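Accompanying notes for the structure given below.
No experiment lies behind these values; they were computed from the predicted model shown.
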Amino acid sequence: MSSKANILAVAQAKAKKPASSDQSQPAEPVHKTYTFPTPQDDEPTLWPEIRTIIETSIRDNPRNRQVKLGPSELGTDSLHTLAAKLAGWPQVNQQAGWATFVGTCVHAQFEKLFPTLNRTGFDPDDTNVRWETEKKVQVGHLSGLYGGYDISGHIDLYDRKTATTADWKVVSKTTLTLAKSKGPSQQYRIQASLYGLGLANEDLPVERNAIYFLPKSSVSLNDTVPWETDWDPQPAKWALARAQLLVNFMDIIEQADGPEVRDAWISLLPESPTHDFNDGTWGDDGPLSDLNEPNKAIVPDKWKQLIPLLEATYPGEKNE
């Protein structure tokens, strides 16, 4: 038998040799499995503090502490909310808007992104600046018993090349579906129209309005609902005129019968026939009215007759 055959025979014999008693026991695992504690095992102690920090920051955001009306609010179809804000009523039962905060974060990132696409270099006439973010515009002025103030706002994105205003809306799947089937709400349409009016007030070109409904919970932008249209100044002018008329009504009532009657009159104004996030946050709303001193002022019929003169919806607007 050759040496190669001998080596093969020895190897086969060793392979058939039964394992010793020590080798029959399973080896200890090199890594033992670690079991993480479940929420039931350990109550969170740090989270309450962290949550308070986050929610306080959200509430203190300048957007949330705004007192004067802006373009985003003038188009509401809730006469009650519009009058309450014009009268300076405090809002109650407001939770820290996490969904709104997510949208604010998206706005902040886009605010940084688009200016990086502009050509650089000295350009006193801004002829090479295509993209401008958070451009402040004055859309109108309201005057009343206690003076007046300019109504201004910030356009999310202004494209000088196409003379277009663009507004970002980071929304839920439900809002995406509604936007796709019915288009933007009256409030969003009027907001866009007001931004265009603000540009026109500065003699800047404006031809188009755009609203982009971005998906809050999708994994891509495939579910985005884009809306673009030619700029129409009439919705903006209607909203400004309605707000001024409402201020005039409230001032007349207050001068004649005092602020309590004015506030009682505001309580008679209808809420949104569709949806306004501010409905339900006023001291005279539903269960909240039980927490406040009731307003016992009686509204004379002559003031009630003013209510039908106020339009909740823009003429021709379909609210379903």
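- Residues L69 and L269 fall within the same hydrophobic cluster, defined by Ile, Leu, Val, Met, Phe, Trp and Tyr side chains chained together at heavy-atom separations under 4.5 Å.
- Looking only at atom types and distance, the side chain of Q91 has a donor-acceptor partner in the side chain of T281 under 3.5 Å away.
- D251 places a side-chain N or O within 3.5 Å of a backbone atom of L145 that can act as its donor or acceptor partner.
- For W303, there are no ring-ring contact (aromatic ring centres under 6.0 Å, His included) partners, not counting sequence neighbours.
- Using a cut-off of 4.0 Å between Lys/Arg side-chain N and Asp/Glu carboxylate O, E311 and R242 are scored as not salt-bridged.
- No side-chain heavy atom of I266 sits under 4.5 Å from any side-chain heavy atom of W282.
- Within the 3.5 Å criterion, the main-chain N or O of T177 finds a donor-acceptor partner in the side chain of S181.
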Review point. Between D159 and R130, does a salt bridge (charged side-chain N to carboxylate O under 4.0 Å, His left out) hold up when you go through it step by step?
Key: CA-CA 6 Å; D159 177 14; R130 175 180 180 182; 2.8 Å; yes
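- Going from atom NZ of K135 over to atom CG of L204 covers 5.5 Å, rounded to the nearest 0.5 Å.
- When only modelled atom types and interatomic distance are considered, W231 and T164 share no side-chain donor-acceptor pair under 3.5 Å.
- Within the 4.5 Å cutoff, no side-chain heavy atoms of K161 are placed close to those of W131.
- Rounded to the nearest 0.5 Å, atoms CG (D156) and CD (E132) are 12.5 Å apart.
- Hydrophobic clustering of Ile, Leu, Val, Met, Phe, Trp and Tyr side chains at less than 4.5 Å, counting indirect connections, unites L117 with Y212.
- With rounding to the nearest 0.5 Å, the separation of CD in Q191 from CG in L74 is 10.0 Å.
- Taking the ring centre of Y188 as origin, the terminal cationic atom of K169 falls inside the region bounded by 6.0 Å and 45° from the ring axis.
- When L194, D167, V137 are each tested for a side-chain contact (heavy atoms from CB on, under 4.5 Å) with P71, only one passes: L194.
- Remark: the D284 side chain and the S267 side chain contain an N/O donor-acceptor pair separated by less than 3.5 Å.
- Residues V139 and S152 form no side-chain contact, since every pair of their non-hydrogen atoms from C-beta on lies 4.5 Å or further apart.
- Placement of F213 and V106 in two distinct hydrophobic clusters is found when ILVMFWY residues are connected by side-chain heavy-atom separations under 4.5 Å, directly or transitively.
- Under the 3.5 Å distance criterion, the side-chain polar atoms of S78 are left unmatched by any main-chain donor or acceptor of E271.
- In this structure, the side chains of P300 and W265 stay at 4.5 Å or more apart for every pair of heavy atoms.
- For E202 and K136, the salt-bridge test fails: no basic side-chain N is under 4.0 Å from an acidic carboxylate O.
- Hydrophobic clustering (ILVMFWY, side-chain heavy atoms < 4.5 Å, transitive): W227 and L178 are in distinct clusters.
- A side-chain donor-acceptor contact under 3.5 Å links E254 and Y146.
- Remark: the backbone N or O of E73 is not paired with any side-chain donor or acceptor of T76 at under 3.5 angstrom.
- Judged purely by atom type and a 3.5 angstrom limit, T52 uses its side chain to pair as donor or acceptor with the backbone of P48.
- Salt-bridge annotation for R208 and D230: present, with a side-chain N of the basic residue lying under 4.0 Å from a carboxylate O of the acidic one.
- In this model, no donor atom of one side chain and acceptor atom of the other lie less than 3.5 Å apart for N278 and T81.
- In this structure S220 satisfies the side-chain hydrogen bond (donor to acceptor under 3.5 Å, both in side chains) test together with N222, sequence neighbours excluded.
- Side-chain atoms of Q186 come within 3.5 Å of backbone N or O of G75 as a donor-acceptor pair.
- By the 4.5 Å heavy-atom criterion applied to side chains, V225 and L214 are not counted as neighbours.
- The backbone N or O of H154 lies less than 3.5 Å from a partner atom in the side chain of Y195, making a donor-acceptor pair.
- Side-chain atoms of S218 never come within 3.5 Å of backbone atoms of P215 as a donor-acceptor pair (strictly under, hydrogens ignored).
- The backbone N or O of I253 lies less than 3.5 Å from no partner atom in the side chain of D257, so there is not a single donor-acceptor pair.
- Using the six-membered ring where Trp is involved, F114 and W168 have ring planes that are parallel, under 30° apart on the 30 and 60° scheme.
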Practice item. Report the C-alpha distance between T165 and N209 in whole Å, list the side-chain angles of each, state the deciding distance to 0.1 Å, and finish with yes or no for side-chain hydrogen bond (donor to acceptor under 3.5 Å, both in side chains). Key: CA-CA 5 Å; T165 71; N209 289 137; 2.7 Å; yes
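- Judged by distance alone, the side chain of T104 and the main-chain N or O of T100 form a donor-acceptor pair under 3.5 Å.
- For the 3.5 Å distance criterion, the side chains of D279 and H80 fail to qualify, holding no donor opposite an acceptor.
- Of the N and O atoms on the side chains of T274 and S272, at least one donor lies less than 3.5 Å from an acceptor on the other residue.
- Interatomic distance, CD of Q109 versus OG1 of T133, reported as 12.0 Å (0.5 Å rounding).
- Both L310 and I252 sit in one connected hydrophobic cluster of ILVMFWY residues. Membership requires side-chain heavy atoms under 4.5 Å apart, directly or through other members.
- Donor-acceptor pairing under 3.5 Å is lacking for the side chains of D77 and T313.
- If you check the side chains of W89 and D263, you find a donor sitting under 3.5 Å from an acceptor.
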